[in-house]
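See structure below.
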Amino acid sequence: MMRIKVLFLLIFIISFLSVASESKVSEIDKLLTRYHQLAQFNGVALISYKGKVLFKKGYGKANFEWDINHTIEGKFKIASITKQFTAMLILQLVEQKKLKLDEKLIEYYPSYRADTGSKITIRQLLNHTSGLGNFFHLDGYKAVEARNPYTLDEFISKFCSEDLNFEPGTQFRYSNAGYTILGKVIEHVTGKPYSEVLTQQILKPLNMNNSGFNKQHSVLNNRVIGYERLLNRLEHSSFIDMSVPFSAGSMYSTAMDLYRWDRGLAENKILSKPFTEVLYQVTEHRNYAAGWLVDNYPEARFGKALTRVHHGGMIPGFNANISRVLEDDILVVLLDNTGGAPMTPITEKVLSIIYDKAYEQPELRLSQKLYKMIIEQGTSASIAWYKTLIAQHEGFSERQLIRFAYELVDANKQQAATAFLTLNAELNPKSIRAQKALNEIKQL
């Protein structure tokens, strides 16, 4: 009789957990559907718990011209999520004793600029404390972004070899240049192209057969098309020569392949546990480790102390995010092909559902609300309402407001754009940026 009672109890518990799981899945689906309805998420989501896929689904279109819906097989540009793969390749080389984290860069890239290369360590490149900046501001970069005529060494010499912004190891500054250099280090140490090492050391062992180094001229089955969402329409994203982001952001992948990546990390399939832990060791300067940001949630947030390791990726037409909760082996993958999806709020709401915590429902962005009000009630009403937000310290930053004004111009709302920038100039009378933006809008 005791065995029968225990059996019935187990059946009851399993049934209860199954119903609870189905309820959570339904709520997650409603949440993502609402974000899609608000034009804030158009893509694919995957959630796993304890190594099992709990949820996977596409929302919206992978190709709007051909009316092709998203599927779980869609291949997205994942941009800076590439950095964690580059970091993994570096740690593998360290484990193989082919490289040392605290050795100077010049030891593994002898032709690099000697005065700075003899100061920067490999670890500092990994955690963005090298002193190197990004290359987006440099003369000539914009032309190269669309068509790169340089070899890797030439690109690094021209765009990744600036004077240091600070003494290595003393501050944090996110640097695509640093991760580009790490890709070159991988090539120099292995004697093979980065893409080949990536495939041999990570993608093949983890059966990530739908991921790779993005070569835009190759034909790729299930390639998702990228778009930019403006106030009143979608348009094709600007073209990027994918040799430019290289080891800092040139990969494509699918939701299921990123799940396989998660399992490879959780089960130490391609790197031992001690070296895997190095991936999550942050510096004193920022919660950035080696290709991963690390957030520690207090017990009050989700009912227990949790560690979320994550990274986002943004490139014209796409943004992506992968988040892993280490204590409970939870994975949240979000891939979007209309740019600018609110990945962190979506992820935290999904976690709230999993941990049975309350969360705020999604709503229109401020720019969406204001544009809707301009269309329906006119510029004066929208300005009046925006002033009430300013009084409550809930308005745009100056930079955000200027960007909104240019979006209004793009949507043929010149009068509204001028009104908002006039208000901005009145609120910031000493701002050169505010007056410059107003003058530019008036001349359009």
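These numbers come from the heavy atoms of this one structure, side chains and all, not from hydrogens, waters or symmetry mates. Each residue takes its place number in the sequence, starting with 1.
- Using a 4.5 Å cut-off on side-chain heavy atoms (C-beta onward), Met251 and Leu203 make contact.
- Under the 30°/60° scheme for interplanar angles, the aromatic rings of Phe404 and Phe420 are found to stand perpendicular.
- With salt bridges taken as basic N to acidic carboxylate O contacts below 4.0 Å, none links Arg308 and Asp328.
- In the model, Asp241 has a side-chain atom that pairs as donor or acceptor with a side-chain atom of Ser243 under 3.5 Å.
- Formation of a donor-acceptor pair under 3.5 Å by the Ser161 side chain with backbone atoms of Ile156 is found in this model.
- A donor-acceptor pair shorter than 3.5 Å can be found between the side chains of Lys83 and Asn176.
- With salt bridges taken as basic N to acidic carboxylate O contacts below 4.0 Å, one links Lys142 and Glu145.
- Not one N or O on the side chain of Lys98 forms a donor-acceptor pair closer than 3.5 Å with the backbone of Leu93.
- Contact annotation: the side chain of Glu162 approaches that of Leu138 to within less than 4.5 Å [non-hydrogen atoms, C-beta and beyond].
- With contacts defined as side-chain heavy-atom distances shorter than 4.5 Å, the pair Lys56/Val44 does not qualify.
- Taking CG of Leu101 as the start and CG of Leu91 as the end, the distance is 6.0 Å to the nearest 0.5 Å.
- Residue Lys215 qualifies as open at atom NZ: its count of foreign heavy atoms under 6.0 Å is 12 or below.
- Ring planes of Phe159 and Phe135: perpendicular class, angle over 60° (limits at 30 and 60°).
- The main-chain N or O of Trp292 is never found under 3.5 Å from a side-chain atom of Gln84 such that the two would form a donor-acceptor pair.
- Crowding of Lys104 atom NZ: a count of heavy atoms from other residues, nucleotides or ligands under 6.0 Å exceeding 12.
- For the salt bridge (Lys or Arg N to Asp or Glu O under 4.0 Å) test, residues two or more places apart in sequence or in another chain that qualify with Glu398 are Arg433.
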Check the pair Tyr35 / Phe41 against ring pair (Phe, Tyr, Trp, His ring centres under 6.0 Å), numbers first and verdict last. CA-CA 5 Å; Tyr35 271 110; Phe41 182 69; 7.8 Å; no
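- Listed for the Ser352 side chain is a donor-acceptor partner under 3.5 Å among the backbone atoms of Glu348.
- Using bins of under 30°, 30° to 60° and over 60° for the plane-to-plane angle, the ring pair Tyr288/Phe172 lands in the tilted bin.
- Of the possible polar contacts, one joining the Tyr108 side chain to the Lys100 backbone as a donor-acceptor pair under 3.5 Å is found.
- The closest side-chain donor-acceptor pair between Glu73 and Thr254, if any, does not fall under 3.5 angstrom.
- Looking at residues two or more places apart in sequence or on another chain, you find a side chain to side chain contact (heavy atoms under 4.5 Å, CB included) between Ser238 and Pro316.
- For the pairing with Tyr252, the side chain to side chain contact (heavy atoms under 4.5 Å, CB included) check across Val224, Thr82, Leu220, Ile78 returns one residue only, Leu220.
- Looking at Ser211 and Asp257, their side chains do bring a donor and an acceptor atom within 3.5 Å of each other.
- Rounding to the nearest 0.5 angstrom, the gap separating the CD1 atom in Ile106 from the CZ atom in Arg113 is 11.0 Å.
- Between the side chain of Asn337 and the main chain of Lys61, a donor-acceptor pair closer than 3.5 Å is present.
- Looking at Ser175, its side chain never comes within 3.5 Å of a backbone N or O of His128 through a donor-acceptor pair.
- Remark: the Gln92 side chain and the Gln96 side chain contain no N/O donor-acceptor pair separated by less than 3.5 Å.
- Asp139 CG: 12 or fewer foreign heavy atoms inside a 6.0 Å radius.
- Between the side chain of Gln368 and the backbone N or O of Leu38 there is at least one donor-acceptor pair closer than 3.5 Å.
- Using a 4.5 Å heavy-atom threshold, the side chains of His310 and Met343 count as separate.
- Looking only at distances, a side-chain donor or acceptor of Thr276 sits under 3.5 Å from a matching main-chain atom of Leu271.
- Glu360 meets the side chain to side chain contact (heavy atoms under 4.5 Å, CB included) test with no other residue; sequence neighbours excluded.
- We find the CG-CD1 distance between Asn214 and Ile315 to be 8.0 Å, quoted to the nearest 0.5 Å.
- With hydrogens and angles ignored, the 3.5 Å screen pairs no side-chain donor or acceptor of Arg34 with any backbone N or O of Gln361.
- Using a 4.5 Å heavy-atom cutoff, the side chains of Asp410 and Arg233 are in contact.
- A donor and an acceptor atom, one from each side chain of Ser157 and Tyr150, are nowhere located under 3.5 Å apart.
- Put simply, CD on Gln281 and CD on Glu277 are 7.5 Å apart, with the number rounded to the nearest 0.5 Å.
- Side chains of Asp153 and Tyr109: a donor-acceptor N/O pair is present below 3.5 angstrom, by distance only.
- Below 30°, between 30° and 60°, or above 60°: for Tyr355 and Phe302 the angle between ring planes is between 30° and 60°, a tilted geometry.
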